[in-house]
Amino acid sequence: RGFEGGYNLSDVRVNGALVRPRINDTMMRLDLASPLAPLGGKARISIHFSFRVPEHGSDRMGRDSTLYEIAQWYPRMAVYDDVRGWNTDPYLGQGEFYLEYGDFDYSVTVPAGYVVAGSGVLQNPEDVLTSEQRRRLSTAASSSSVVQIITQVEAAAAKTRPKAGTRTWRFRARNVHDVAWAGAPDFRWDATSWNGILAQAYYEFPKAGKAWEQGAEQTQWTIRQYSQLFFPFPYPQATSVAGPVGGMEYPMFVMVHYGNDDPTSIFGTINHEHGHEWFPMIVGSNERRYAWMDEGFNTYLNAFAAEARYPGQSAYPGYLRNWADAVTKRTQSPLMTAPDNIDPSALGAIGYRKPAVVMLTLRNHVIGPEMFDTSFREYIRAWAFKHPTPGDFFRSIENSAGEDLSWFWRSFFYTTDVLDIGIDGVSTRTSEGQTFATIALHRFTSVPFPVRLRVAYADGTTQDFSLPVNIWARSNRFDAVISVRGNVVGVRLWPDPSVPDWNPSNDTWGKPPNANPPGPVTR
Ligand SMILES: [Zn+2]
């Protein structure tokens, strides 16, 4: 809306000496007078910076009347890694961030009536909170039920009685790669805890919707769920803030859209944004280059949460439809495509849902749930607070699972091909008293896959068979000769209907047996 953005920088110093920064797009280069010593050498950089908060917010920054959600608000360190050296990809919006871990101390000075929520732990509660609020907070810190730190009556009263002067809120966050915060004079503030982790919700009421009265509980549930399933949440608190930003994640702190009276109107976003605490906050993937290692892995986690929170419901059919949509519209690009090069209309499919389907497929139909869950936990543990590349993920899973999965990575990560295996025909013969069925299998795309078959007999019984992926090593056709119990009257590929075979019309022969009913995909 015509807003002139950007930082004003001045007094840029390295080790106390003024330097002239070289600015290239959103990147700033500072030259050191002498090389930084290896193994713990230190340089001190100081920068005076300022910017105007966009009146109407801007993508990941939000403003609504007196409510401010502030992010990307200070110059941040680029990652220097042993793969690419300095990672100097500029910020482009659709691609997100790649940032280095560190410990942060930051102070926010606001009008005295404001309440500030942020990444990290508040360092000076005695300066900014009342003794009653501090008492309620300490109750919440050991309570699994929700405690109101600021009630609706108190929030409404605060709004109508502005205080003079300013207050400074000081926060500290350890081992994170960013910090963000929000402030408003009329936040309601709820808190609860799990396992010593404070789960908090800040929201203006009734604007944010009655759903937000469950915000703290949904935050707590999410942190507990993912801690138990994947890797223990390592930070002391998790905060959800309601505001105009539709959904954005920062360490220990997420921004979530307003809701309505229905608690499910915010659950998906609260659950998704806090899922990012695992990717990319704990596992520091390069989301600027590989959306699937960030949004994709998170969407995979979200499938587990959806089925656990709402038994009988599943996110999986929606994931599949979204991927299929991109295939049909020809907006696909390989998962390995950097997010800024993905068709914006296909970002949901390529960045989020196809990778989630692909991960569930690997888990449920290639490696097996138990081995995959063990392997994926080991990947998170091994790469927590580090910067894995795609190859690190591929090797980690292969090492844990003990399988060469190069065919899987190539098919689903490096191409846009879909799985389409079909049955050309079936014949039965008897030899020396034994009955054999020959099932002519046909692979119509470049994507190989281990085959599962269900055979139907004349007496109404069925039998399942498995064939390894190696059957596709030399050809796109394979005649599977299997020993059967009697005359085969029908065959079905994929007894489990969650295998993402693009074309079901060639998956059956004769009078096919039933597939399993669709069920949960995260058991
Ligand atoms: Zn996300």
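Counting convention: from 1, in listed order, for ligands and their atoms alike. The analysis underlying the following values was restricted to heavy atoms, covering all of them including side chains, and did not include hydrogens, waters or symmetry mates.
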- Do other residues, nucleotides or ligands put more than 12 heavy atoms under 6.0 Å from F49 CZ? yes

- How many degrees, to 10°, between H272 NE2 and E295 OE1 as seen from the Zn ion (ligand 1)? 100°

- Query: Does any N, O or S atom of E249, backbone or side chain, fall under 2.8 Å from the Zn ion (ligand 1)?
  - Reply: no

- Message: Does either side chain, that of N286 or that of H387, offer a donor lying less than 3.5 Å from an acceptor on the other one?
- Response: no

- What's the atom name of the N, O or S in H276 nearest to the Zn ion (ligand 1)? NE2

- Query: Could R188 and F205 be counted as a cation-pi pair, given that NZ or CZ must be under 6.0 Å from the ring centre and within 45° of the axis?
  - Reply: yes

- Side-chain donor-acceptor pair under 3.5 Å between Y91 and D25, yes or no? no

